[in-house]
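To keep things clear, I will list the structure first and then write my remarks on it.
The basis for the numbers below is simple: all heavy atoms, side chains too, and nothing from hydrogens, waters or symmetry mates. Remember, it's 1-based here, ligands and their atoms both numbered in the order they're listed. The structure presented is a predicted model; accordingly, all values stated were derived computationally and were not measured.
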Amino acid sequence: MKKFVAIVALAVLVILLSACESAQRQNQPQQGGTPDKAATKIQLKAATMTPMSHMYSQGAQRFAELIKERTSGRIQITVYPDGQLGKGERELLEALQQGTIDIYVGSTGPIGGFSPSMLIVDIPFLFRDYEHVDKVLDGPIGRQLLDDLEKANLKGLAFWENGFRNLTNSKRPVRTPEDAKGLKIRTMENPVHITAWKALGVNPTPMPWAEVYGALQQRVVDGQENPLPVILDSKLYEVQKYLAMTQHVYSPAPIIMSLKTWQSLSKEDQELLLKTAQELAPWQRKLGRDNEQKILSELEAKGMQIERNIDKALWQKAMQPAFDEFAKQFGKDKIESIMNVK
Ligand code: EAX
C-alpha cells in the first residue's frame, strides 16, 4: 500500500512538473533553430536637431506611431528632438554610421561630406517650385542620391522636407543682393552654400545648428538662412529682426537610417520602414507648404520685418561666379538634367 501511494504521488508530481514546463515554454520565444523574430522587441532611436513642434520631429513622431501600429508594438521608435543626441547634423550622421543612433531626419547640409553626390541638391535656384522638387526627388535622380548613401554606411529611406531657405539678419532690411553685402552670415557646413554666399559678397561663417541661436544672440554673426518653419520653431525671431523671402535654395530633409541597424532587420521589417517613410513624404512636406502664410503672419506678430518682394533673378545673377564653379565641379549636363525635369 505504501509503495502504491508513493508511485501515485510520483506520477502526480511528474504530471504537474511537465504541465508547468509547457506553460512556461508558451510564454517564451521559440527555442533553438531560428529565433522567434515575431516576439523580439526592437527599440530604435530617431534624432533631429529641431524642436518637437518642427516638421522633422513631427514627421519622425508620425513615423514612430505608424511603425508601432503596423508591428503591433514590436518595433518602438523613440524620437529625440532638438539636438538632444548631438550638437549638429554632422554629429548625428556620425552617430548613425556608428549605429548609436538609428534614424535621422535633417537637412542635406553636412551630407555631402559623407556622400559627395548629395552636394548637387544644395545648389541655389536649382529647383523652380515644389512640383519640380517632387518630380526630381521622388524620381530616379532622387532614388540614386539616396542609394549612394550606402557607401557611407547610411541607408536613405525617402526625401522629406526642410523647405526653401530665406535670409534673416539683425542689422538691416534686405531686398537686393547689394543690401546683403558685407553681412556676416552663418551658413551650414556645406561647401556649395559657402561658395554661393561668397560670390554674393557676404561673409559666410559655417557652424553646427546648436550654436546658431547663441551666435545670433551674442551677435557673433549678423544673420542666418533657413526655411520659415525652422525660423519659427527655433524662435529665431527673438534674435533676428529682418527676414527676406529670398527662397534662394531648396533644402531637402532625407530620412536616413544607420546601415548597421538596417542590416540587422528582417526583409519584412526593412520593407515596412522603407514603405512607411515613402508614404509619409507627401504628408510631411505639406506641414511646411500648407502653413507658409500662417507662419509669416506669426513671425510678423512676433516683431519681424518681412521683405516679400524679392527679385530672384537679381540674386541668381549675383551668384553667377558660383554657378560657373558648380558647372565645373558637378558637370553642366548633370545640373541641367535636374533643372530640365518638367
Ligand atoms: O536642419 O543647419 C541648418 O541650417 C538646418 O537647415 C536646420 O537646422 C534644420
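No salt bridge links Lys328 with Glu325; every basic N to acidic carboxylate O contact stays at or beyond 4.0 Å. Arg62 and Glu279 are not joined by a salt bridge, as no carboxylate oxygen comes within less than 4.0 angstrom of a charged side-chain nitrogen. With salt bridges taken as basic N to acidic carboxylate O contacts below 4.0 Å, one links Lys181 and Glu178.
Neither the backbone nor the side chain of Val212 comes within contact range of ligand 1; no heavy atom lies under 4.0 Å. At a heavy-atom distance under 4.0 Å, only side-chain atoms of Arg165, from C-beta outward, approach ligand 1.
Closest protein heavy atom to atom 8 (O) of ligand 1: Trp209 CD2, 3.0 Å. At the top of the distance list for atom 9 (C) of ligand 1, counting protein heavy atoms only, stands Tyr56 OH, 3.1 Å.
The shortest N/O to N/O separation between Ser251 and ligand 1 does not fall below 3.5 Å. Residue contacts with ligand 1: Asn226 is placed with a nitrogen or oxygen under 3.5 Å of a nitrogen or oxygen of the ligand (distance criterion only).
Taking Ala158 as the reference, Trp160, Ile255, Ala277, Gln278 meet the side-chain contact (heavy atoms from CB on, under 4.5 Å) condition, with sequence neighbours excluded.
Using a distance-only test at 3.5 Å, with no hydrogens or angles considered, a donor-acceptor pair links the side chain of Arg285 to the main chain of Phe159.
Within ligand 1, counting atoms from 1 as listed, the ones closer than 4.0 Å to a heavy atom of Asn162 are 6 (O), 9 (C). Those atoms of ligand 1 that come under 4.0 Å of a heavy atom in Met188, given as number and element, are 2 (O), 3 (C), 4 (O), 5 (C), 6 (O).
Heavy-atom separations between Glu89 and ligand 1 include at least one value shorter than 4.0 Å.
Between atom 2 (O) of ligand 1 and the options Glu225, Arg186, His54, Glu189, the minimum heavy-atom separation is to Arg186.
Under the 4.5 Å side-chain criterion, counting only non-hydrogen atoms from C-beta, Asp311 is not in contact with Thr176.
Note: Phe326 and Phe330 have tilted aromatic rings, judged against thresholds of 30 and 60 degrees for the angle between ring planes.
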